[in-house]
Amino acid sequence: MTTVRTRIAPSPTGDPHVGTAYIALFNLCFARQHGGEFILRIEDTDQVRSTRESEQQIFDALHWLGIEWDEGPDVGGPHGPYRQSERSEIYKKYANELVNNGHAFHCFCSAERLDQVRNEQAARQETQRYDGHCMHLSKEEVNTRLANNEPNVIRMKVPSEGICAVNDMLRGEVEIPWDRMDMQVLMKTDGLPTYFLANVVDDHLMGITHVLRGEEWLPSAPKLIKLYEYFGWEQPVLCYMPLLRNPDKSKLSKRKNPTSITFYEKMGFLPEALLNYLGRMGWSMPDEREKFTLQEMIENFDLSRVSLGGPIFDVEKLAWLNGQWIRELSVKEFVQRATDWGLLNQSNFEKITPLLQDRVEVFSQIIPLISFFYMGEIPLDLKLFEHKKLSPEQVRQVMQLLLWKLESLRHWDKDHIMDCIQSIANYFELKLRDIMPLVFVSITGQSSSVPVLDAMELLGPDLSRFRFRKALEALGGVSKKETKAWEKLLPLIS
């Protein structure tokens with residue numbers, strides 16, 4: 001009997017996302033329920049955005065939640081390496097095999113030509129897809145251009161007519177027309193694979209039997225199925241999980257909801273409660289109880305109980321569930337968990353002390369100065385946002401643009417945070433002292449406090465960005481029209 005093997009394959013390009021944990025949880029439960037194995041693989045072929053720092057944050061966040069894997073970059077295993085960036089020669093071999101067997105081809109089209117083709121198709125109200133231009137080049141011309149090191153990608157061939165039947169564990173057979181499919185790039189000009197080739201090759205070589213992934217990937221399933229057919233490999237069983245939603249039913253996004261796992265850790269949520277809540281996203285226990293452990297979920301797991309309606313990720317509901325877990329702790333456990341979180345944690349307090357020691361004369365002054373370090377949402381006095389040089393609209397604009405800059409910040413330290421603030425000041429021809437008060441109030445709730453840049457570094461990106469968002473909401477928020485207009489300014493700010 002074949003051993004069930006599932007996997008999660010996150011990209012280390014930002015904060016560890018609750019959506020990653022959600023999909024990881026369901027893959028873990030499915031594997032464990034069938035006595036199988038769960039694998040973690042890192043999709044780091046995006047060399048511009050991928051970082052080892054982000055990779056480690058993924059490991060730490062999933063471990064904190066209690067999600068453990070049998071094979072992966074950090075634990076090893078018989079099917080390594082488990083980072084896609086370390087498997088480039090494997091992908092080249094299989095890409096070349098597709099070309100040699102007539103299932104793929106070298107494409108030399110420039111970005112300008114591709115843009116022109118898409119614009120012409122859009123003008124004719126056609127599906128925008130590659131027109132097959134390089135598919136018809138002679139073998140001699142291709143070899144000559146390759147010998148001249150002409151930049152190229154490898155594209156797969158796809159049918160232009162007919163229907164692909166996708167068998168999904170949750171939806172049954174889903175029919176998707178081939179004329180919606182593009183001739184997918186499999187190998188980029190940098191010699192690294194795209195998602196489609198890397199995942200098919202890795203899933204096959206790592207013996208993955210079932211693939212549970214987000215439903216946003218369902219429309220592109222025919223390309224994956226066709227690759228398995230081209231290689232002559234057995235396709236894993238496919239399952240497309242419903243997407244997590246904001247309370248307004250939109251796709252869960254950090255602009256509307258805190259999405260980073262580390263945010264919930266810093267807020268003081270219990271990992272068991274967050275994992276419990278993610279388990280309730282589109283799934284329920286047979287007896288419908290809301291509070292259950294990971295082991296209880298594994299023992300009762302059945303994919304047929306997954307609902308296709310987009311599960312709502314509601315932070316208030318999560319907080320209620322977390323409260324249920326907290327109230328079942330003994331006094332001793334409560335003290336220990338609170339200490340571990342940071343309220344009385346000596347290591348955390350030692351980090352804060354250098355910002356604090358020169359500002360107090362008696363110990364009773366400590367708590368008022370640093371209480372914001374131990375809070376999630378802070379009370380705000382809107383009068384503190386009143387500005388001598390900026391109108392209320394300009395205050396919101398400055399804060400929104402700064403928030404966007406902070407959201408794209410890859411290295412979270414006070415120097416890089418300062419660079420973001422300075423870039424906003426330069427664009428608006430302001431001095432730092434004109435913007436810093438807005439930062440102080442947004443982060444600390446006070447007009448002055450311990451050094452705010454140091455505080456932001458210690459608070460971390462998740463909590464700092466969350467407080468900026470809450471400050472913006474308190475000031476009236478940003479309309480869709482303003483968002484559209486202000487986003488155009490971002491490329492001008494450096």
Side-chain angles (χ1 to χ4, degrees), residues 14-15 17-19 243-260 263-264 267 312-316 372 375-410 412 416-447 452-453 456 459-494:
D15 303 328
H17 199 284
V18 291
L243 291 178
L244 300 183
R245 303 282 177 181
N246 293 308
D248 65 1
K249 303 296 179 70
S250 61
K251 180 182 175 181
L252 187 66
S253 66
K254 63 183 179 183
R255 287 194 173 182
K256 293 186 177 182
N257 232 336
T259 59
S260 170
F263 167 82
Y264 294 96
M267 284 284 284
I312 302 299
F313 191 93
D314 186 337
V315 179
E316 290 186 9
F372 73 90
M375 301 171 71
E377 188 172 346
I378 55 174
L380 293 171
D381 181 353
L382 297 187
K383 290 183 180 179
L384 296 178
F385 288 99
E386 294 175 0
H387 206 282
K388 294 180 180 179
K389 292 186 178 181
L390 301 174
S391 67
E393 179 184 341
Q394 288 172 320
V395 167
R396 289 187 299 107
Q397 186 180 34
V398 164
M399 290 180 58
Q400 179 62 83
L401 288 166
L402 178 54
L403 174 57
W404 284 335
K405 294 288 285 185
L406 293 173
E407 284 177 340
S408 63
L409 198 58
R410 293 175 61 201
W412 191 264
H416 286 91
I417 296 168
M418 174 58 85
D419 289 342
C420 289
I421 299 171
Q422 186 68 64
S423 68
I424 299 294
N426 293 343
Y427 178 78
F428 285 98
E429 298 182 348
L430 296 169
K431 297 186 185 305
L432 276 175
R433 66 171 179 264
D434 297 322
I435 292 183
M436 291 307 295
L438 301 177
V439 178
F440 262 102
V441 179
S442 300
I443 295 298
T444 72
Q446 305 166 36
S447 57
V452 72
L453 298 182
M456 290 175 71
L459 285 170
D462 312 306
L463 208 46
S464 298
R465 294 165 184 159
F466 171 74
R467 289 186 182 174
F468 264 94
R469 291 187 203 106
K470 287 298 180 182
L472 267 168
E473 288 176 16
L475 291 169
V478 178
S479 69
K480 290 183 179 179
K481 183 178 179 181
E482 287 172 331
T483 298
K484 194 172 182 179
W486 296 351
E487 280 180 329
K488 294 177 181 178
L489 302 179
L490 271 178
L492 307 176
I493 302 172
S494 59

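Basis for what follows: all heavy atoms, side chains included, without hydrogens, waters or symmetry-related copies.
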Side chains of [X] and [Y]: does their closest heavy-atom pair fall under 4.5 Å?
X    : Y    : result
I378 : T444 : no
D15  : R465 : yes
Q446 : L384 : no
Y264 : V18  : yes
F468 : Q400 : no
K405 : S423 : yes
P258 : V315 : yes
P392 : L475 : no

*Looking at L390, V398, V395, which one forms a side chain to side chain contact (heavy atoms under 4.5 Å, CB included) with I435?*
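So, applying the side chain to side chain contact (heavy atoms under 4.5 Å, CB included) to I435 and each of L390, V398, V395, only V398 qualifies.
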*Going through the distances and angles, do M399 and S442 end up as a side chain to side chain contact (heavy atoms under 4.5 Å, CB included)?*
CA-CA 9 Å; M399 290 180 58; S442 300; 3.2 Å; yes
How close do [X] and [Y] get, heavy atom to heavy atom, and via which atoms?
X    : Y    : value
G460 : S464 : O-OG, 2.8 Å
P379 : M375 : CD-CE, 3.4 Å
I312 : P247 : CG2-CA, 3.7 Å

Kindly say whether [Y] contributes a backbone atom to a donor-acceptor pair with the side chain of [X] at under 3.5 angstrom?
X    : Y    : answer
H416 : L406 : no
Q394 : S391 : yes
S250 : N246 : no

Could you tell me whether [X] and [Y] make a salt bridge, using a distance below 4.0 angstrom between a side-chain N and a carboxylate O?
X    : Y    : result
R467 : D462 : no
R469 : E407 : yes
E473 : K470 : yes

When rounded to the nearest 0.5 angstrom, what distance separates [atom1] in [X] from [atom2] in [Y]?
X    : Y    : atom1 : atom2 : value
L401 : I424 : CG    : CD1   : 5.0 Å
I493 : L402 : CD1   : CG    : 9.5 Å
I443 : I417 : CD1   : CD1   : 8.5 Å
S447 : M436 : OG    : CE    : 13.0 Å

*Would you check, one step at a time, whether the test side chain to side chain contact (heavy atoms under 4.5 Å, CB included) holds for W404 with T483?*
CA-CA 11 Å; W404 284 335; T483 298; 3.9 Å; yes
_Stepwise side chain to side chain contact (heavy atoms under 4.5 Å, CB included) check, V439 with M456_ = CA-CA 10 Å; V439 178; M456 290 175 71; 3.8 Å; yes
*Might you work through the side chain to side chain contact (heavy atoms under 4.5 Å, CB included) test for H387 and L438, ending with a clear yes or no?*
CA-CA 9 Å; H387 206 282; L438 301 177; 4.2 Å; yes
